[in-house]
Novice: 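Below is a structure I'd like to ask you about.
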Amino acid sequence: MAPLMAAVTGPRTWLFASLQRLGTSQVGPRQLHTGACLASKNYYEMLVLGGGSGGITMAARMKNKVGADNIAIVEPSEQHFYQPIWTLVGAGAKQLSSSGRPTASVIPSGIEWIKDRVIEFNPDKNCIRTDTGKEISYRYLIIALGIQLDYEKIKGLPEGFDHPKIGSNYSFKTVEKTWKALQDFKEGNAIFTFPNTPIKCAGAPQKIMYLSEDYFRKTGKRAKANIIFNTSLGAIFAVKKYADALQEVIRDRNLTVNYKQNLIEVRADRQEAVFENLDKPGETQVISYEMLHVTPPMSSPNVLKNSPVVDAAGWVDVDKETLQHKKFPNVFGIGDCTNLPTSKTAAAVAAQSGILDRTISLIMKNKLPTKKYDGYTSCPLVTAYNRVILAEFDYNAQPLETFPFDQSKERLSMYILKADLMPFLYWNLMLKGYWGGPAFLRKLFHLGKS
Ligand code: FAD
Ligand code: UQ1
């Protein structure tokens, strides 16, 4: 860390930081660090990195702990997106404009928005640096930087998106291209991919396949469509109960699923996709497409990869039950950028926010965190324009269902929850700090059951 800091900040800042460290007594690994690399002008009691789902939600929750004046959020984007609705935008069932609001409008009132990008971490000195050269110190740090989309790791992308017949629901820049490709479809292969990396909302790559099939049926094109799901994984879904239900959908609707197939190249000018067989290294297959939906490889944000706050795989290294950093006790992580061993979703972020709120409250009172995250996550598997299988599960990949009926059945009610209730709940409750997941509903609905 020392040479890195010297190289990036220059010798004067480095000398200043080193002198400060000399004046800071050594602390044990589980004690709070109190040194700061700058004076109070650029100091906040609570600094939140990332103004996405996790960052805004946690900032809202922290207001009554430390006061709005003592919190800042570092976030470069002008727009905040409710990404889960992009599945429906790609299928033409919702408008892209409904998914975004100005970041300024979601920053909780009184909290400072630092419109900047964090580029360096120095947790030993309790400070970070931004790309405009600001050094910001903190007492407590919440890291909520999300997951990075690595389209460029596929040969021919992202420039391939300049061509028609290809789209991707994972970015606001390409999600409307999915809908265009669906409408333009005439006959041939409609291919949907799943990359060879961890991703957010692992159900989304197949949701758009089911919606496309429904669209083709509704528009009389189904007989001319050969629908293919080429996935790097070896199974359709991680939880057996929902995997079984999805296999039935796949069978009934005559969809082709090929496992261990990883998209490595797109020749968009020729409408060809190249896949490697993960079971047979070096073996590739070229498939022509009439429509291609790409789920890009993803990874931890670059700024985290080489920082001191991550594990060997690059994810923020937090305790899986309390969300407190394993090495720096005044640092916390939430959401897609963490190494929490559960599926990366906004539903998981909601549940994590309630736990992290409690963890931080207790740490602030010098008490040990007690509330434990069970890995709750949820994936509304949209199987048609009016049907959803609502998967909810925990760290052990065991179903943890909210409602008192079998959620592995395709239901209209769960579609309405996904399409209309969830966006309302997100903007009006979750981002304001009032939604910590449906555990209380689950308890209510299951009262009297063992
Ligand atoms: P984000 O909400 O992605 O926020 C990260 C923030 O960090 C961003 O605002 C970004 O600008 C900012 N940032 C990045 N780098 C820096 C930097 N260097 N400095 C400062 N800020 C930075 N979840 C569900 O629960 N249900 C669903 O049905 C669902 N469907 C989905 C469908 C699609 C197509 C997609 C794309 C996602 C879906 N999700 C779903 C997943 C959900 O959107 C994410 O899991 C959730 O947004 C994660 O929250 P986060 O705070 O970790 O990351
Ligand atoms: C949820 O809590 C949540 O976070 C806001 C989502 O993200 C969009 C979801 O998709 C789902 C399904 C939940 C879980 C909520 C209920 C009421 C089961």
Side-chain angles (χ1 to χ4, degrees), residues 48-58 73-90 99 103 106 114-121 128-131 142-149 168-172 174-175 178 199-205 207-208 293 295-296 298 300-304 307 316 333-338 340 342-354 376-382 388 390-392 400-403 407 414 417-419 421-431 435-442 445:
V48 180
L49 304 182
S53 309
I56 298 295
T57 300
M58 283 315 298
I73 302 173
V74 182
E75 166 61 58
S77 310
E78 284 284 354
Q79 282 282 105
H80 177 108
F81 288 104
Y82 177 64
Q83 302 164 40
I85 214 67
W86 290 345
T87 291
L88 300 182
V89 174
S99 71
T103 296
V106 296
I114 300 169
K115 193 175 174 305
D116 231 340
R117 180 175 289 278
V118 57
I119 57 161
E120 190 185 321
F121 287 79
I128 59 107
R129 261 166 67 84
T130 70
D131 62 355
I142 298 176
I143 307 174
L145 293 175
I147 192 168
Q148 178 173 294
L149 306 177
S168 175
N169 290 357
Y170 274 85
S171 164
F172 71 91
T174 52
V175 58
T178 307
I199 66 168
K200 55 182 153 187
C201 195
K207 297 178 198 178
I208 186 61
H293 179 267
T295 298
M298 300 178 205
S300 176
N302 286 346
V303 63
L304 284 171
S307 78
V316 178
I334 186 166
D336 296 353
C337 67
T338 65
L340 294 166
T342 193
S343 182
K344 297 178 187 298
T345 65
V349 170
Q352 290 162 19
S353 73
Y376 173 85
T377 189
S378 173
C379 186
L381 292 152
V382 187
V388 157
L390 184 63
E392 292 181 283
L400 203 55
E401 297 187 345
T402 299
F403 299 102
Q407 291 181 200
M414 296 296 99
L417 179 88
K418 156 79 188 170
L421 295 183
M422 275 304 141
F424 178 86
L425 185 148
Y426 180 82
W427 295 111
N428 298 297
L429 294 182
M430 181 168 161
L431 292 189
W435 177 251
F440 70 101
L441 286 175
R442 185 171 67 242
F445 286 136

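Throughout, numbering of the chain's residues begins at 1 and tracks the sequence. Counting starts at 1 for both ligands and their atoms, following the listed order.
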Novice: Less than 3.5 Å between some nitrogen or oxygen of T87 and one of ligand 1, yes or no?
Specialist: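 In this structure, T87 places no N or O atom under 3.5 Å from an N or O of ligand 1.
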
Novice: In the protein, what heavy atom is nearest to atom 28 (O) of ligand 1, and what distance, to one decimal place, separates them?
Specialist: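 Ranking protein heavy atoms by distance from atom 28 (O) of ligand 1, first comes K418 NZ, 3.0 Å.
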
Novice: What protein heavy atom sits nearest atom 53 (O) of ligand 1, and how far off is it?
Specialist: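 Looking only at protein heavy atoms, the one closest to atom 53 (O) of ligand 1 is G146 CA, 3.4 Å.
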
Novice: Which residue supplies the protein heavy atom nearest to atom 12 (C) of ligand 2, what is that atom called, and how far is it?
Specialist: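 Ranked first by proximity to atom 12 (C) of ligand 2 is S378 OG, 3.2 Å.
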
Novice: Suppose I only count heavy atoms of T402 and a 4.0 Å limit; which atoms of ligand 2 are within that range?
Specialist: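 Answer, ordered by atom number: 18 (C).
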
Novice: For atom 6 (C) of ligand 1, which candidate among E75, M298, M422, Q79 holds the nearest heavy atom?
Specialist: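 Looking at heavy atoms only, E75 sits closest to atom 6 (C) of ligand 1.
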
Novice: Would you mind telling me if ligand 2 is within reach of the side chain of Y426, the backbone, both or neither, using heavy atoms under 4.0 Å?
Specialist: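 Looking at Y426 and ligand 2, no heavy atom falls under 4.0 Å.
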
Novice: Suppose I only count heavy atoms of A144 and a 4.0 Å limit; which atoms of ligand 1 are within that range?
Specialist: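 By the 4.0 Å cutoff, the relevant atoms are 5 (C), 6 (C), 7 (O).
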
Novice: Which protein heavy atom lies closest to atom 34 (C) of ligand 1, and at what distance to 0.1 Å?
Specialist: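 Residue, atom and distance for the closest contact: N169 O, 3.4 Å.
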
Novice: Which of the atoms in ligand 1, numbered in the order shown and given with their element, are less than 4.0 Å from a heavy-atom of V349?
Specialist: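 Heavy-atom distances to V349 below 4.0 Å select 48 (C), 49 (O).
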
Novice: Counting each atom of ligand 2 from 1 as listed, which ones have a heavy atom of M430 under 4.0 Å away?
Specialist: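 That gives atoms 5 (C) of ligand 2.
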
Novice: Going by the rule salt bridge (Lys or Arg N to Asp or Glu O under 4.0 Å), which residues pair with E401 if we only count those two or more places apart in sequence or in a different chain?
Specialist: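 For E401 the salt bridge (Lys or Arg N to Asp or Glu O under 4.0 Å) partners, ignoring immediate neighbours, are K241.
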
Novice: Should the ring pair F172 and W86 be called parallel, tilted or perpendicular, given that the plane angle runs from 0 to 90° and is split at 30 and 60?
Specialist: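 Judged by the thresholds at 30° and 60°, the geometry between F172 and W86 is tilted.
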
Novice: Could you identify the single nearest non-hydrogen protein atom to atom 52 (O) of ligand 1 and state the distance to 0.1 Å?
Specialist: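 Scanning the protein heavy atoms, the shortest distance from atom 52 (O) of ligand 1 goes to D336 N, 2.9 Å.
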
Novice: Hey, which atoms in ligand 1 end up nearer than 4.0 Å to a heavy atom of A347?
Specialist: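 Going through ligand 1 atom by atom, the ones under 4.0 Å from A347 are 24 (C), 25 (O).
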
Novice: Minimum distance, heavy atoms only, to atom 26 (N) of ligand 1: which one of S168, G90, P380 is it?
Specialist: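 Among S168, G90, P380, the closest heavy atom to atom 26 (N) of ligand 1 belongs to P380.
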
Novice: Would you please say whether a donor-acceptor pair under 3.5 Å links the side chains of T103 and S77?
Specialist: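 S77 and T103 do not have a side-chain donor-acceptor pair below 3.5 Å.
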
Novice: For ligand 1, which atoms, with element, lie under 4.0 Å from some heavy atom of R117?
Specialist: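 Under 4.0 Å from R117, ligand 1 has these atoms: 15 (N), 17 (C), 18 (N), 19 (N).
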
Novice: Which protein heavy atom lies closest to atom 16 (C) of ligand 2, and at what distance to 0.1 Å?
Specialist: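 Closest protein heavy atom to atom 16 (C) of ligand 2: M422 CE, 3.6 Å.
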
Novice: Does ligand 2 have an atom that lies less than 4.0 angstrom from a heavy atom of W427?
Specialist: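 No heavy atom of W427 comes that close to ligand 2.
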
Novice: Look at atom 7 (O) of ligand 1 and find which of T103, L88, V118, L145 reaches it with the closest heavy atom.
Specialist: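 Closest candidate by heavy-atom distance is L145.
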
Novice: Residue-level breakdown please: for Y82 versus ligand 2, do any non-hydrogen atoms fall below 4.0 Å on the side chain, on the backbone, on both, or on neither?
Specialist: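 Only the side chain of Y82 comes within reach of ligand 2.
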
Novice: Using heavy atoms and a threshold below 4.0 Å, how should the contact between A351 and ligand 2 be classified: side chain, backbone, both, or neither?
Specialist: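 None of A351 does.
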
Novice: Where the closest heavy atom to atom 33 (C) of ligand 1 is concerned, which of Q83, H80, Q352 has it?
Specialist: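 That would be Q83.
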
Novice: Which atoms of ligand 2 have any heavy atom of A346 under 4.0 Å away?
Specialist: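 By the 4.0 Å cutoff, the relevant atoms are 4 (O), 7 (O).
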
Novice: What part of K418 sits under 4.0 Å from ligand 2 if we count only heavy atoms: the side chain, the backbone, both or neither?
Specialist: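 The answer is neither; K418 stays 4.0 Å or more away.
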
Novice: When you look for heavy atoms under 4.0 Å from ligand 1, do you find them on the side chain of K115, its backbone, both, or neither?
Specialist: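 Neither; nothing of K115 gets under 4.0 Å from ligand 1.
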
Novice: Mind checking whether L390 contacts ligand 2 via backbone (N, CA, C, O), side chain (CB onward), both or neither, at a 4.0 Å heavy-atom cut-off?
Specialist: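 For L390, only side-chain atoms sit under 4.0 Å from ligand 2.
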
Novice: I need the contact type for K344 against ligand 1. Using non-hydrogen atoms and a strict under-4.0 Å cut-off, is it side chain, backbone, both or neither?
Specialist: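 Answer for K344: backbone.
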
Novice: Among all the protein's non-hydrogen atoms, which is closest to atom 30 (N) of ligand 1, and how far away is it?
Specialist: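 Its nearest protein heavy-atom neighbour is C201 SG, 3.2 Å.
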
Novice: What is the nearest protein non-hydrogen atom to atom 40 (C) of ligand 1, stated with its residue, atom name and distance?
Specialist: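 Minimum-distance protein heavy atom for atom 40 (C) of ligand 1 reads P84 CG, 3.5 Å.
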
Novice: Specify the protein heavy atom at minimum distance from atom 2 (O) of ligand 1: its residue, its atom name, and the distance to 0.1 Å.
Specialist: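 Residue, atom and distance for the closest contact: S53 N, 3.0 Å.
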
